[in-house]
Amino acid sequence: MTYDVAIIGAGVTGAMTARLLSSYKLKTVLVEKTNDVAMGASKANSAIVHAGFDAKPGTLKAKLNVKGCAMMPQTCRDLSVPYKNNGSLVVAFSDEEMDTVRELYDRGMANGVQGMTILNQAELRALEPKISDEAKGALSAGTAGIVCPYELTIASTENAVNNGVDFMRNAEVTAISDDGEIFTITTAAGEIRAKYIINAAGCYSDVIARMVGDDSFDIAVRSGEYYVLDRSVGNTVSHTIFQCPTIMGKGILVTPTVDGNLLIGPTADDVGERDNLATTDAGLANVRKLAMKSVPSVSTRDAITSFTGLRAHPVSDDFVIGASKANARFINAAGIESPGLSAAPATAEYVAEKLFASMGATPEKNPDYNPYREAPVRFRHMTAEERTALVKENPAYGRIICRCETITEGEIIDAIKAPAGARDVDGVKRRTRAGMGRCQGGFCGSKVVEILARELDVPVNTITKFGGNSNILYERTK
Amino acid sequence: MINYDLVVVGGGPAGMAAALKAEECGVKKIIILERAETLGGILEQCIHTGFGLQYFKEELSGPEYAGRFIELVNKSNIDVKTDTMVLNISKDNVVTAVNKDDGLLMFNAKAVVLAMGCRERPRGALPTLAGTRPSGIMTAGTAQKYVNIDGYMPGKKIVILGSGDIGLIMARRMTLEGAEVKMVCELMPYSGGLTRNIVQCLNDFDIPLYLSTTVIKTHGKERLEGVTIAKVDERFNVIEGTEQYVECDTLMLSVGLIPENELTTGVGIKMDPVTRGAYVSEMRETDHPGIFACGNVLQVHDLVDFVTLEAQIAGEGAAKYILDKASFDNAEYIEPVKGFGVRYIVPQKMNIKSEKDIELYFRVGAVYPNAKVVLEADGQVISSKKKIKLAPGEMESVTVPVSVLKTLTKDSNVTVRVEV
């Protein structure tokens, strides 16, 4: 069969684009290299919906960020994804930094950002009592928010699949050929034929582009290290606290997450390697030091995990979106670094616009399109009455597997059986939060392995942490 | 709402002993709520021996030790619900739980014993351990479950970080299963485990123990491929130039246990920041009337035998609360003072009107060879016991006899200290 569109890369950009295309009469396939969606930048970032004052006026980053930020609340409602409009603060620690704050305000105005104010020290402290005494003032952005980035990707993919999109995992693209009408995409999971390609391959988007002879852009992979702190300190601050940005990015932030943890980071280092997710002594030390500059009470004694995310930094410094000069049927959605998550709903629309321009016409709407993704069962958020009714209906919801986050067996089974569902332990974790708590899967990890093996009907020693050779168990003991 | 005299949260050794003792003291309606499918708690996966030497005066395996109590519970009138998770405890002692068969359960309890045990510190609790996050990094207890319960090998070339007892036990266990245990690294200049475990689990198998050594980095993208270890100075800073790469596919962590007190803090019970357990009286009653705590949820023990003894104190205390609440009204408490070398004392407060001797359990903060444990009351030395070695890895105790308690007033000072 020949697809109308193949989207390479199931990060937030690819997934949201797939969902949007599923609202048209198009046969679309979402092609992913790894065992799950959201395995690149989309699973490891600051989880922030930026207001849009950072990017230079006139750039795609600026335009799509402001639009995406405005679209995000409705998008998250439609997809039942946790989102909170908590507002952000860019804190200044000197008079020079107050000048930067004023510049950011002006830039925000030029970008069309609403709801910004400049706060003096007293106003800032009234809003965030735990902020450092050294803070002189801040830029407050009322439209900023926080979102769960992997759940947004998962929900978009589920919704896309329910609306007819095919999802292929473990399908690393190794070559692309073109007969002028149809691309043949060689993947680790077999060949795919498609009339159009959308390149949403993140840190590898320049590599994919070169497969069709497009060498017009380069990706310089930039790493960022973070700590996640325990929920017991999740309300240390209510806003997302930035420091003044530098040439390398928006600096170290301290922010609550939609799941009630506290997130601190990221560093910004050009690493050169495209898939090196190692944290470093120096990076982690830097996060510890700089987070305390904003909020002195932050302590990594409360850390439950640390991680590295990789940003697909475009050397041109702006998103690379549009038909390739090398092949008009190959649409780049590349160089999507921050504010890529914030922009994602708007980016999907912009990519579709470019695709339809290449097609020469806007396709017919899919009359069966359903934009809503039903909310998954979340036992931990239910009332006693709801819990009673739920367990009566399906006893699997009466068995708690993850005690830290109160996740039931029923929720884990749902995550495995969902469209484009979980196939590994980390996939279950991102979909349900089993293993995300303070014991980090120490208690539930082996139970999740068991449930995965049972539901997928495979031996337990084939279950992986995150695909590939990340198996957890070897053979049986003697 | 189901009415019970006593609800025991947790069916491990602590919960079972507390329930049995309460019944022995005359409490009629008792239920144990256990989240696993069977009673016994973590003992079920501890198939090695060494349990019961103090309590039963014989050497038993974990399942055997648990089995003796399970048998007693089965013969008793104590109700048990397994595969049942307690979700929360309200301020008026209503215990809410859930399971597959009954759905949501609410128990109205006259008294509650908290016996939820503890959990292992995971990798994330080591904020300076850098590197990748592949498969093959697990706590020693998780590895123990995979090998002993599930029957699968979780690794073949193993480095163990932390010389706590579970780490030492797993060094031997994995060796016996045919894995190569390359080393045990310990950040501190001494082991946190029992001496007998160092001898029987490491020395007997020629497994090296590197003290003042830690793992600073993990390597490998999918499965663990190796770790970097390094020596640390007395302030635990890495000594440059001592870094060494060790090839391995598994890193097992035995870096401490944390009492599992989510339910406890949910009620708003006062906690001891050192033990990370509740602040309790000599009866093991928390500052919330009618809620008692015992076993590893109160303080991490070295031996299950001491868990049993502590649970019996809590069971007796809960029985007294249920049957003779008025007797609690006359109590007059003082806090025993942590003198030189003492990190914590359990109980944190004691009733000077107690009609029984009070045993104070404590741990020291460093290794003290040839030292003395001294108990003083109002400046008078009550007892002074010589010890060949005091170490943080071994819990100590000292008795405050009733005869001394009778001499005390609410302004008295009772101090436990180390004399070197």
Side-chain angles (χ1 to χ4, degrees), chain A residues 225 227-228 232 275-281 283-285 288 300-301 303-308 379 384 387-392 395-400 403-404 406 408-409 425 438-443 445-446 449-450 460-461 464-478, chain B residues 35 83-87 96 98-104 106 116 119-139 141-142 145-156 177-179 216-224 238 249 253 258 260 262 265:
Chain A
E225 301 183 30
Y227 283 104
V228 182
S232 57
D275 52 5
N276 182 359
L277 290 172
T279 55
T280 62
D281 302 339
L284 291 175
R288 293 197 291 271
T300 48
R301 267 193 317 237
I304 59 171
T305 190
S306 56
F307 65 86
T308 292
F379 184 85
R387 287 172 171 181
T388 303
L390 181 71
V391 181
K392 199 169 280 174
Y397 294 113
R399 190 157 177 245
I400 308 285
R403 64 191 167 192
C404 298
T406 320
T408 64
E409 182 166 14
V425 174
R438 51 186 67 116
C439 94
Q440 289 285 299
F443 177 72
S446 67
V449 170
E450 241 171 70
V460 290
N461 56 0
T464 62
K465 187 168 186 290
F466 50 82
N469 294 315
S470 67
N471 297 55
I472 290 164
L473 298 171
Y474 292 95
E475 67 275 12
R476 281 203 150 277
T477 51
K478 288 172 287 260
Chain B
R35 69 178 169 225
D83 215 354
T84 300
M85 180 75 100
V86 173
L87 298 170
T96 305
V98 68
N99 71 27
K100 276 181 151 176
D101 303 324
D102 307 294
L104 214 62
M106 288 168 100
M116 294 87 77
R119 62 163 169 265
E120 298 172 282
R121 287 175 75 203
R123 185 222 174 128
L126 305 171
T128 57
L129 173 52
T132 53
R133 298 187 303 147
S135 67
I137 303 171
M138 67 195 81
T139 61
T142 299
K145 176 172 185 285
Y146 283 134
V147 178
N148 292 349
I149 304 286
D150 302 339
Y152 280 90
M153 286 294 275
K156 292 185 170 172
E177 284 295 338
I216 58 170
K217 194 160 189 183
T218 52
H219 305 267
K221 285 190 171 129
E222 294 181 342
R223 179 78 194 190
L224 187 72
V238 170
D249 66 7
L253 302 174
I258 303 170
E260 190 129 285
E262 277 70 15
T265 52

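All values below were derived from every heavy atom in this structure, side-chain atoms included, with hydrogens, water molecules and symmetry-related copies excluded. Lettering follows sequence order; numbering is per chain, from 1. Because the structure is predicted, anything quoted here is derived from the model rather than measured.
When A:Thr300, A:Leu473, A:Thr305 are compared by the number of non-hydrogen pairs under 4.5 Å with chain B, A:Leu473 comes out ahead. Contact count against chain A (heavy-atom pairs under 4.5 Å) is highest for B:Lys145 among B:Glu120, B:Arg123, B:Lys145. Of the residues considered (B:Asp101, B:Asp249, B:Asp102), B:Asp249 shows the highest number of contacts with chain A, using heavy-atom pairs under 4.5 Å. Each of B:Arg133, B:His219, B:Met106 has some count of heavy-atom pairs under 4.5 Å with chain A, and the biggest count is that of B:Arg133. With respect to chain B, the highest number of heavy-atom pairs below 4.5 Å among A:Ile472, A:Thr388, A:Thr408 belongs to A:Ile472. For the options A:Ala389, A:Ser446, A:Cys404, heavy-atom pairs under 4.5 Å to chain B are most numerous at A:Ser446. Across A:Lys392, A:Arg399, A:Glu450, the residue that shares the most heavy-atom pairs under 4.5 angstrom with chain B is A:Arg399.
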side-chain contact (heavy atoms from CB on, under 4.5 Å) evaluation trace for B:Thr128 with A:Arg288 = CA-CA 10 Å; B:Thr128 57; A:Arg288 293 197 291 271; 3.8 Å; yes

So B:Lys221 and A:Asp275, side-chain contact (heavy atoms from CB on, under 4.5 Å) or not? Walk me through it.
-> CA-CA 9 Å; B:Lys221 285 190 171 129; A:Asp275 52 5; 3.4 Å; yes

Using side-chain contact (heavy atoms from CB on, under 4.5 Å), reason through A:Thr406 and B:Leu87 one step at a time and then give a plain yes or no. CA-CA 8 Å; A:Thr406 320; B:Leu87 298 170; 3.7 Å; yes

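With a threshold of 4.5 angstrom between heavy atoms, A:Lys478 approaches chain B through its backbone and through its side chain. The parts of A:Phe307 that come within reach of chain B are both its backbone and its side chain, each placing non-hydrogen atoms under 4.5 angstrom from that chain. Only the side chain of A:Arg387 comes within contact range of chain B, judged by heavy atoms closer than 4.5 Å. Using a 4.5 Å cut-off between heavy atoms, A:Leu277 contacts chain B through its backbone alone, with no side-chain atom that close. Neither the backbone nor the side chain of A:Glu225 has a heavy atom closer than 4.5 Å to any heavy atom of chain B.
Minimum interatomic distance between B:Lys217 and A:Thr279 (heavy atoms only, all atoms of both residues): CE-O, 3.9 Å. Nearest heavy atom pair, residue A:Ala278 against residue B:Thr132, reads CB-CG2, 3.6 Å. For A:Val391 against B:Gly103, the heavy-atom pair with the smallest separation is CG1-CA, 3.5 Å. B:Lys100 and A:Ala396 make their closest contact through CE-CA, 4.0 Å (heavy atoms, listed as atom of the first residue, atom of the second, distance). Taking both residues in full, the closest heavy atoms of B:Pro127 and A:Ala303 are given as CB-CB, 4.3 Å, listed atom of the first, atom of the second, then distance. Smallest separation of non-hydrogen atoms from A:Asn469 and B:Glu222: N-OE1, 2.8 Å.
Side-chain N or O atoms of A:Thr477 include one that pairs as donor or acceptor with a backbone N or O of B:Gly151 at under 3.5 Å. For the pair B:Arg223 (side chain) and A:Asn471 (backbone), a donor-acceptor distance under 3.5 Å is present. A:Ser470 contributes no side-chain N or O that, together with a main-chain N or O of B:Ser135, makes up a donor-acceptor pair within less than 3.5 Å.
Side-chain contact between B:Glu260 and A:Phe443 is absent, with no heavy atoms from C-beta onward closer than 4.5 Å. The closest side-chain heavy-atom distance from B:Tyr152 to A:Val449 is not below 4.5 Å. At a threshold of 4.5 Å between non-hydrogen side-chain atoms, the residues B:Val98 and A:Ile400 count as touching. Considering only heavy atoms from C-beta on, A:Arg403 stays 4.5 Å or farther from B:Glu262 through its side chain.
Annotation: the span from A:Arg476 atom CZ to B:Asp150 atom CG amounts to 8.5 Å, rounded to 0.5 Å. Separation of atoms CG (B:Leu224) and NZ (A:Lys465) is listed at 11.0 Å; rounding is to 0.5 Å. A:Glu409 CD to B:Asp83 CG: the interatomic distance, rounded to the nearest 0.5 Å, is 8.5 Å.
The pair B:Lys156-A:Glu475 counts as a salt bridge, with a side-chain nitrogen and a carboxylate oxygen less than 4.0 angstrom apart.
Evaluation of the salt bridge (Lys or Arg N to Asp or Glu O under 4.0 Å) rule for A:Asp281 yields no partner, not counting sequence neighbours.
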